[in-house]
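Down below is the structure, laid out as structure tokens.
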2 protein chains.
Amino acid sequence: MRSPAELTEAFRAHGLKITPQRQLLFRLMHGNECHPTAEALFQTASEQMPGISLRTVYQTLNDLATMGELRSLDLGTGAVRFDPNTDDHHHVVCDHCNEIRDVYVSGSDALSISGLDGFAVSNTSILFNGLCPRCTAVSE
Amino acid sequence: MRSPAELTEAFRAHGLKITPQRQLLFRLMHGNECHPTAEALFQTASEQMPGISLRTVYQTLNDLATMGELRSLDLGTGAVRFDPNTDDHHHVVCDHCNEIRDVYVSGSDALSISGLDGFAVSNTSILFNGLCPRCTAVSE
DNA sequence: CTGCGAATCTGCACACTTTGAAGATTGGCA
DNA sequence: TGCCAATCTTCAAAGTGTGCAGATTCGCAG
Ligand SMILES: [Mn+2]
Ligand SMILES: [Mn+2]
Ligand SMILES: [Zn+2]
Ligand SMILES: [Zn+2]
């Protein structure tokens with residue numbers, strides 16, 4: 001996802017309005033590495049802008065995802081998560097505390113895969129589940 | 001997942017009761033390759049047993065999943081899907097009609113992965129998205 | 001073959017996430 | 001400055017899944 005300044009330019013270029021709500025979300029998402037849910041962003045946003053609505057958070061995040069500025073991820077944690085990192089990468093989820101980290105995988109072209117016959121695959125995602133370092137330490 | 005007869009035995013052995021509802025679901029799931037949702041199974045079950053409740057379908061499927069007789073899958077299609085195939089395998093989902101097929105992947109030990117440091121990974125799932133043969137044909 | 005009691009089933013309420021729709025507000029331009 | 005389409009807020013509702021209470025029934029003891 002581009003910087004708040006660049007996004008502001010891009011929005012203007014597309015004839016979209018620059019509202020304080022959008023600018024706030026640009027800032028909150030830029031460089032955000034914690035893969036927040038809309039609800040989590042709403043909480044944070046509400047501190048800086050009391051009265052902002054959850055609906056607007058959803059709307060803006062979905063718009064940004066449609067524009068390709070961020071990815072929306074269903075990692076099986078109940079709510080969709082939003083990721084400004086649009087690199088080709090994957091994720092690992094802690095089954096205990098839901099912490100999420102980026103995972104980079106290479107060499108996947110060496111996999112031998114059967115069952116995709118006839119399918120036009122447009123996306124491949126690898127999801128790792130387990131316990132994060134903290135939760136591993138606690139539970140032993 | 002084992003056969004309805006074997007499951008009946010296993011249930012008895014665990015002190016669980018054999019009810020017509022459970023037996024019906026044993027039959028509906030055995031060898032079922034379409035990865036149905038609880039709601040879909042409820043529809044089918046209702047034809048053969050009018051009055052069966054959706055709650056019981058959920059309950060029974062979850063019990064079977066807990067026993068390891070079937071896997072519950074979140075493939076991002078909105079509702080959890082149930083799979084009597086407990087082999088180590090993955091899935092491809094058609095983004096247009098939601099058809100799901102099994103995918104077998106080997107050679108994943110040759111992948112080079114970074115970002116899992118400290119995580120105790122207990123499960124890895126690969127999800128392919130795209131268009132099934134039928135939907136590919138239609139949309140061209 | 002009964003009858004009992006614990007397990008199960010049903011029906012309903014509710015939590016949670018996300019979206020639809022209508023009316024109020026406002027950014028951007030004339 | 002004023003207009004108006006775009007945006008925001010608010011509220012209702014769809015869709016999935018679970019908790020709970022009371023009705024039913026399976027499995028066994030007598
Ligand atoms: Mn990420
Ligand atoms: Mn499968
Ligand atoms: Zn953790
Ligand atoms: Zn299809």
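With the nearest nucleotide of DNA chain D identified for both A:Ser53 and B:Arg12, A:Ser53 has the one nearer the 5' end. In terms of position on DNA chain D, the residue among A:Phe11 and B:Ala79 whose nearest nucleotide sits closer to the 5' end is A:Phe11. Residue-to-nucleotide proximity on DNA chain C shows that, of B:Gly51 and A:Asn62, the 5′-proximal contact is made by B:Gly51.
Residue-level contact check: A:Ile18 touches the backbone only, with heavy atoms under 4.0 Å from sugar-phosphate atoms and none from bases. Within 4.0 Å of B:Thr19, counting heavy atoms only, lie sugar-phosphate atoms of the nucleic acid but no base atom.
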Side-chain donor-acceptor pairs under 3.5 Å in residues 122-133 of chain B, sequence neighbours left out?
unit_1	atom_1	unit_2	atom_2	d
B:Ser122	OG	A:Asn129	O	3.4

Contacts table for residues 49-56 of chain B: side-chain donor-acceptor under 3.5 angstrom, sequence neighbours left out:
unit_1	atom_1	unit_2	atom_2	d
B:Ser53	OG	B:Thr56	N	3.1
B:Ser53	OG	B:Thr56	OG1	3.0

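B:Leu70 and B:Val80 fall within the same hydrophobic cluster, defined by Ile, Leu, Val, Met, Phe, Trp and Tyr side-chain heavy atoms under 4.5 Å apart, directly or through other members. By the criterion of side-chain heavy atoms lying less than 4.5 angstrom apart, applied directly or through intervening Ile, Leu, Val, Met, Phe, Trp or Tyr residues, B:Leu75 is not grouped with B:Tyr104; the two fall into different hydrophobic clusters.
No more than 12 heavy atoms of other residues, nucleotides or ligands shown are found within 6.0 angstrom of CD on B:Glu33.
Judged as a side-chain hydrogen bond (donor to acceptor under 3.5 Å, both in side chains), and not counting sequence neighbours, A:Ser46 has no contacts.
Bracketed by its first and final contacts, the part of DNA chain C lying under 4.0 Å from non-hydrogen atoms of chain B reaches from C:dG5 to C:dG11 in 5' to 3' order. A 4.0 Å heavy-atom criterion places the boundary nucleotides of DNA chain D facing chain A at D:dA5 to D:dT10, written 5' to 3'.
Applying the ring pair (Phe, Tyr, Trp, His ring centres under 6.0 Å) test to pairs two or more places apart or on separate chains, those with a residue in residues 6-38 of chain B are B:Phe11-B:Phe26, B:His35-B:His91.
In summary, the side chains of A:Gln43 and A:Glu47 do not present any donor paired with an acceptor at a separation below 3.5 Å, with no hydrogens or angles considered.
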